Structures are given as structure tokens and as C-alpha cells.
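Remarks on the structure that follows.
Quantities reported herein were computed from a predicted structural model and do not represent experimental measurements.
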Amino acid sequence: MKLTYVYHSGFILEGKDFTLLIDYYRDTPDEVVHEKFLNRPGKLYVLASHVHADHFNPEILTWKNKRPDIQYIFSADIRTANLPGFSGIVYLRKGEVWHDNLVKIKALGSTDAGISFLIDAGGKRIFHAGDLNNWHWQEESTPEEIAEAETNFLNELEIVAQNADSVDLALFPADSRLGENYAKGALQFTGRIRTRQFAPMHFWEKYDKANAIQAGIEEHGSKFIAIHQPGESIELEDDTKLK
């Protein structure tokens with residue numbers, strides 16, 4: 001299976017007979033989504049974890065005109081976003097599962113809007129966090145707010161662990177806007193859930209900061225996928241560096 005970083009929290013996963021696009025915000029400079037994803041043979045799945053503009057771009061709905069076979073799988077909060085009406089959108093709430101003969105997708109919780117995704121596809125188990133993170137904002141929050149954020153995150157993390165004590169790949173926020181402890185949620189995740197490979201997301205253009213958490217992640221036994229620009233890809237089976 002091949003993983004391609006698109007932008008921010010957006011990724012493409014390519015299997016033998018399917019392709020998934022998760023949390024599309026904008027395309028790469030060479031338009032890997034429009035030129036490759038939409039033209040790739042096999043079943044296409046488009047997932048969106050919640051309605052925030054940096055995770056859900058309504059443009060994705062226009063792709064149905066080019067690829068009528070696209071399967072949309074959205075968080076239920078997107079249902080209220082005044083979408084143009086057509087059939088074929090699956091809306092998931094926390095705890096709900098959708099599957100066909102190629103993929104299985106379970107909606108898990110978030111500490112912000114929407115859901116996170118636990119995906120079984122191509123013999124791999126992938127976790128995409130959406131906006132699940134320890135959003136503690138330490139420099140701006142009161143001790144009580146920090147404690148509440150910590151408790152909320154650890155509760156959701158425990159639910160993830162109950163559903164998957166290990167994952168082949170975790171896609172998880174490393175947002176430096178949180179301040180000096182911006183890696184805390186990612187480290188708590190890999191410390192609780194055995195993670196074969198880990199890729200940061202939700203870091204905008206702060207590539208250096210996102211990749212700076214590598215040592216901490218690898219202390220937990222995970223292989224860290226460093227990201228340097230949109231459009232980079234990795235074969236998940238045996239590679240550890242993006243090309």
C-alpha cells in the first residue's frame with residue numbers, strides 16, 4: 001500500500017483495487033489528486049472527518065460528475081453543511097461502522113468536531129485522527145482547562161485502544177501552534193497504542209516542527225515518516241522515508 005501526503009491533514013492511500021482520499025483541503029502543486037487520484041482505476045473512497053474548512057472542501061462533491069463510482073464517507077456533522085443533494089453519501093457518528101468488500105471504516109471519537117477514522121484496508125489497519133488530539137494550549141489555558149483537555153483526550157484514546165491495540169499506520173496531529181508541548185498528544189498515542197509507522201499531520205507549512213517529534217515517536221518503537229513537501233509518497237510495506 002502506498003501513502004501520499006497531500007496537504008495539512010490530507011492523505012491518499014493506494015491499494016491494489018482501491019484508493020482512499022482523507023480530509024482533502026487543497027491539492028498538491030502538481031495536482032496529484034486531480035491528475036492521479038481521480039483517474040486511478042479501481043474503487044475510489046473520499047473521507048472527511050469533520051466540517052472544518054481545513055478538513056472538508058466542498059469541491060470534492062463535484063468529482064462525482066467525473067467519477068460516478070466515488071463513495072463518500074463523511075462525519076455526521078457535515079450533513080448540516082448545506083451540501084447539494086445527491087445520494088451516495090454515508091454519514092457516520094462515533095461508534096458506527098461502514099464496510100464493503102474492500103474496506104472497513106469505523107468512526108471513533110474526537111476532542112474537537114466530528115470523528116476520527118479506524119480503517120481496515122489492503123491488509124493494513126490505519127488510524128486517521130481527524131482533529132483528535134490533546135488540544136491543551138498550555139500558554140493560553142487555565143490549569144483547569146488544561147486538565148479537562150487532558151482528561152477528554154485520554155478518555156477518547158482509551159476508546160481507540162479498546163478498538164485497536166495496534167495499528168500499521170497512524171496519521172496524527174503535530175500542530176506547533178499548541179506551544180512547547182505540541183507533541184504531547186502524539187506521544188501519548190504511540191505510548192498507548194502500538195504503532196508500526198507514524199506520520200505527522202495538521203502542521204500547515206511547519207515541516208521542521210512536525211519532523212522534530214521523530215525521536216520521541218521512535219522511542220515508542222514506531223517508524224517515523226518524515227514529510228517535507230506535498231506530494232511525497234511512501235510504500236508502507238518496507239520503506240521508512242518519503243520519496
Side-chain angles (χ1 to χ4, degrees), residues 3-13 20-34 37-38 45-63 70 72-84 89 91-94 105 107-119 126-137 140-141 149 152-153 156 169-179 182-186 189 198-213 225-232 242:
L3 173 73
T4 299
Y5 173 67
V6 180
Y7 180 70
H8 195 49
S9 296
F11 291 89
I12 294 171
L13 287 160
L20 294 95
L21 172 63
I22 310 170
D23 278 9
Y24 176 79
Y25 176 32
R26 73 184 195 196
D27 209 344
T28 65
D30 60 348
E31 297 192 336
V32 67
V33 172
H34 291 83
F37 170 76
L38 287 174
Y45 304 85
V46 178
L47 284 59
S49 65
H50 60 286
V51 75
H52 290 171
D54 58 330
H55 293 256
F56 172 71
N57 184 336
E59 178 202 335
I60 63 180
L61 297 169
T62 68
W63 300 343
I70 283 181
Y72 296 104
I73 303 163
F74 296 166
S75 169
D77 70 321
I78 297 174
R79 191 193 296 267
T80 63
N82 296 318
L83 304 183
I89 299 177
Y91 293 100
L92 295 180
R93 298 184 183 277
K94 178 181 175 181
I105 299 168
L108 295 175
S110 176
T111 44
D112 199 342
I115 58 176
S116 52
F117 291 114
L118 183 64
I119 303 164
I126 299 104
F127 182 76
H128 186 288
D131 261 357
L132 173 66
N133 194 11
N134 191 339
W135 298 109
H136 55 280
W137 306 100
E140 303 174 19
S141 303
N152 290 341
F153 174 69
E156 294 296 343
L169 173 67
L171 308 169
F172 198 93
D175 192 332
S176 62
R177 297 176 303 166
L178 285 171
Y182 71 98
K184 188 172 185 180
F189 183 93
F198 177 99
M201 67 178 196
H202 208 285
F203 54 79
W204 305 93
E205 282 82 26
K206 303 293 186 181
Y207 293 94
D208 290 345
K209 295 291 286 185
N211 293 328
I213 73 173
I225 300 172
I227 298 175
H228 304 94
Q229 62 184 9
E232 291 179 320
L242 286 167

* Asked: Who are the ring pair (Phe, Tyr, Trp, His ring centres under 6.0 Å) partners of F11, not counting sequence neighbours?
  -> Y5

* Asked: Do you know which of V6, L3, L20 makes side chain to side chain contact (heavy atoms under 4.5 Å, CB included) with I12?
  -> V6

* Asked: Taking only residues two or more places apart in sequence or in another chain, which ones pass salt bridge (Lys or Arg N to Asp or Glu O under 4.0 Å) with K206?
  -> none

* To do: Kindly assign one of parallel, tilted or perpendicular to the pair F189 and F127, based on the angle between their ring planes and the thresholds 30° and 60°.
  => parallel

* Mind checking ring pair (Phe, Tyr, Trp, His ring centres under 6.0 Å) for F37 and listing every partner two or more places apart, or none if nothing turns up? => none

* May I ask you to decide if the ring planes of W63 and Y24 are parallel, tilted or perpendicular, using 30° and 60° as cut-offs? => perpendicular

* Report yes if some heavy atom in the side chain of Y45 is under 4.5 Å from a heavy atom in the side chain of I22; otherwise report no. => no

* Once the angle between the rings of H8 and H202 is folded into 0 to 90°, is it parallel (under 30°), tilted (30 to 60°) or perpendicular (over 60°)? -> tilted

* Looking at side-chain heavy atoms only, is the closest gap between P29 and P230 below 4.5 Å? -> yes

* To do: Taking the side chain as every heavy atom from C-beta outward, state whether L171 and F117 have any pair of such atoms under 4.5 Å apart.
  => no

* Counting distance only, does the side-chain N/O of T111 pair as donor-acceptor with the main-chain N or O of L132 below 3.5 Å? -> no

* Check whether any side-chain heavy atom of I78 sits under 4.5 Å from a side-chain heavy atom of Y72, and report yes or no. => no

* Can you tell me if S49 and D23 form a side-chain donor-acceptor pair at under 3.5 Å? -> yes

* Give a yes or no on whether the backbone of H34 and the side-chain of D27 come within a donor-acceptor separation of less than 3.5 Å. => yes

